[in-house]
Amino acid sequence: NGAINQTNYTINEITTNNFTINNMLEGRYNWSVTCYDTLGNQGNSSMYVLFLDDTLPNVLAISPNETTLPSGNVTLRFNVTDNLDTSLLCNVTIDNRTNNKTVYATNGTMTNVTVSNVIDGPHYWNVTCYDNIYNNATSQTLNFTTASLPVVTLNSPANGSGFNSTDIVLYYNLTSS
């Protein structure tokens with residue numbers, strides 16, 4: 001990035017040469033090497049990109065937490081922030097199993113993941129996210145419970161029935177779906 005410039009006068013064409021740079025700051029760097037022969041001819045390498053990053057992402061599981069939801073599809077919400085990356089690879093774990101829910105989350109943006117076929121009962125979930133050099137962090141573990149919705153069936157009187165009495169008995173059944 002033009003921030004560091006080193007010169008090595010003791011290069012050898014037969015072996016690999018190197019530069020050592022100490023105390024670099026975290027960030028994205030472009031690096032290349034230019035060499036001159038004794039006649040002043042110039043040779044340039046390709047430009048490479050290098051990331052220095054020892055900061056873990058920050059992963060925050062948001063919802064659901066401590067609530068009861070209908071069984072079936074459940075939408076999990078989380079946020080991840082990172083000091084360098086714009087997009088992070090994240091996986092959702094429910095009840096200690098990664099649920100084939102690997103998603104790319106945009107840095108600093110709420111991410112929604114819908115998990116299908118969640119059965120009745122208590123569930124625990126968290127999210128693990130990785131930046132581009134595999135620094136990773138896991139959110140706190142949240143919990144929710146799923147339960148089948150009750151189904152109410154009206155039996156009698158039939159829809160549209162009429163009565164000439166002010167006293168009436170209504171019949172119905174209640175079952176779980």
Side-chain angles (χ1 to χ4, degrees), residues 1-37 40-67 69 72-119 121-146:
N1 298 352
I4 298 172
N5 187 2
Q6 289 190 356
T7 302
N8 181 356
Y9 294 105
T10 60
I11 60 170
N12 187 333
E13 290 184 44
I14 301 172
T15 63
T16 301
N17 298 280
N18 66 73
F19 290 105
T20 300
I21 304 168
N22 296 311
N23 301 316
M24 291 182 66
L25 300 176
E26 288 185 299
R28 179 185 190 273
Y29 292 90
N30 299 323
W31 74 281
S32 62
V33 175
T34 300
C35 292
Y36 297 91
D37 65 14
N41 296 314
Q42 177 179 326
N44 297 308
S45 71
S46 300
M47 178 83 62
Y48 278 25
V49 174
L50 157 59
F51 294 92
L52 298 181
D53 181 5
D54 63 359
T55 301
L56 302 178
N58 182 29
V59 186
L60 177 64
I62 297 172
S63 69
N65 189 31
E66 298 181 357
T67 189
L69 304 168
N73 295 340
V74 174
T75 299
L76 309 173
R77 292 173 182 84
F78 67 92
N79 186 302
V80 58
T81 55
D82 188 71
N83 62 325
L84 294 176
D85 290 342
T86 57
S87 179
L88 292 94
L89 179 66
C90 301
N91 65 52
V92 174
T93 300
I94 299 178
D95 300 332
N96 293 318
R97 291 186 313 270
T98 302
N99 285 281
N100 294 328
K101 284 296 177 183
T102 301
V103 297
Y104 285 96
T106 301
N107 188 359
T109 302
M110 178 82 68
T111 301
N112 295 329
V113 176
T114 300
V115 180
S116 304
N117 302 317
V118 180
I119 61 172
H123 301 282
Y124 298 87
W125 73 281
N126 60 37
V127 180
T128 301
C129 295
Y130 302 82
D131 66 17
N132 71 332
I133 63 166
Y134 300 105
N135 290 323
N136 67 83
T138 301
S139 71
Q140 75 280 27
T141 298
L142 302 183
N143 69 81
F144 62 93
T145 300
T146 53

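Numbering starts at 1 and runs along the sequence shown. Side-chain atoms are counted along with the backbone in the values below, which use heavy atoms only and exclude waters and symmetry mates.
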### Query
Would V118 and F144 count as a side-chain contact (heavy atoms from CB on, under 4.5 Å) if you check the C-alpha gap in whole Å, the side-chain angles of each, and the deciding distance to 0.1 Å?
CA-CA 11 Å; V118 180; F144 62 93; 4.1 Å; yes
### Query
Considering all heavy atoms of both residues, which atom of D54 and which atom of E26 are nearest to each other, and what is their separation?
N-OE2, 2.6 Å
## Note on the structure
Between W125 and A61, the two heavy atoms sitting closest are CH2-CB, 3.7 Å
### Summary
Tightest non-hydrogen contact, residues P64 and V74, listed as CG-CG1, 4.1 Å
### Task
Indicate whether any N or O donor in one side chain lies under 3.5 Å from an N or O acceptor in the other, for N143 and T141.
no
### Side-chain touch N107/D85, heavy atoms, less than 4.5 angstrom
no
### Task
Let me see the working for L60 and Q140 under side-chain contact (heavy atoms from CB on, under 4.5 Å), right down to the final yes or no.
CA-CA 7 Å; L60 177 64; Q140 75 280 27; 3.5 Å; yes
### Task
With side-chain contact (heavy atoms from CB on, under 4.5 Å) as the test, would you mind laying out the steps for C90 and F78 before giving the verdict?
CA-CA 10 Å; C90 301; F78 67 92; 3.9 Å; yes
### Message
On a heavy-atom basis, which atom in G108 and which in T81 lie closest, and how many Å separate them?
### Response
CA-CG2, 3.8 Å
### Message
Are T34 and Q42 packed together at the side-chain level, in the sense that at least one heavy-atom pair is separated by less than 4.5 angstrom?
### Response
yes
### Task
Check whether the side chains of R77 and N79 place a donor and an acceptor atom closer than 3.5 Å, and report yes or no.
no
### Task
Taking the side chain as every heavy atom from C-beta outward, state whether W31 and S45 have any pair of such atoms under 4.5 Å apart.
no
### Query
Looking just at side-chain N and O atoms, do T102 and N91 make a donor-acceptor pair shorter than 3.5 Å?
no
### Message
What's the separation between atom CG in L52 and atom CZ in R28, rounded to the nearest 0.5 Å?
### Response
12.0 Å
### Query
Are side-chain heavy atoms of I94 and L76 found at a separation under 4.5 Å?
yes
### From V113, N112, V115, residue fulfilling side chain to side chain contact (heavy atoms under 4.5 Å, CB included) relative to T75
N112
### Message
Would you say that Y104 contacts L89 through its side chain, given a criterion of any heavy-atom pair below 4.5 Å between the two side chains?
### Response
yes
#### Entry: CZ (F19) with more than 12 external heavy atoms under 6.0 Å
yes
### Task
Evaluate whether atom CG of N12 has more than 12 neighbouring non-hydrogen atoms of other residues, nucleotides or ligands under 6.0 angstrom away.
yes
### Minimum side-chain heavy-atom gap D53-D131 below 4.5 Å
yes
### Summary
Taking every heavy atom of L142 against every heavy atom of S63, the minimum-distance pair comes out as CD1-N, 4.1 Å
### Steps toward side-chain contact (heavy atoms from CB on, under 4.5 Å) verdict (Q6, I21)
CA-CA 9 Å; Q6 289 190 356; I21 304 168; 3.7 Å; yes
### Summary
When every non-hydrogen atom of V59 is compared with those of T138, the smallest separation belongs to CB-C, 4.4 Å
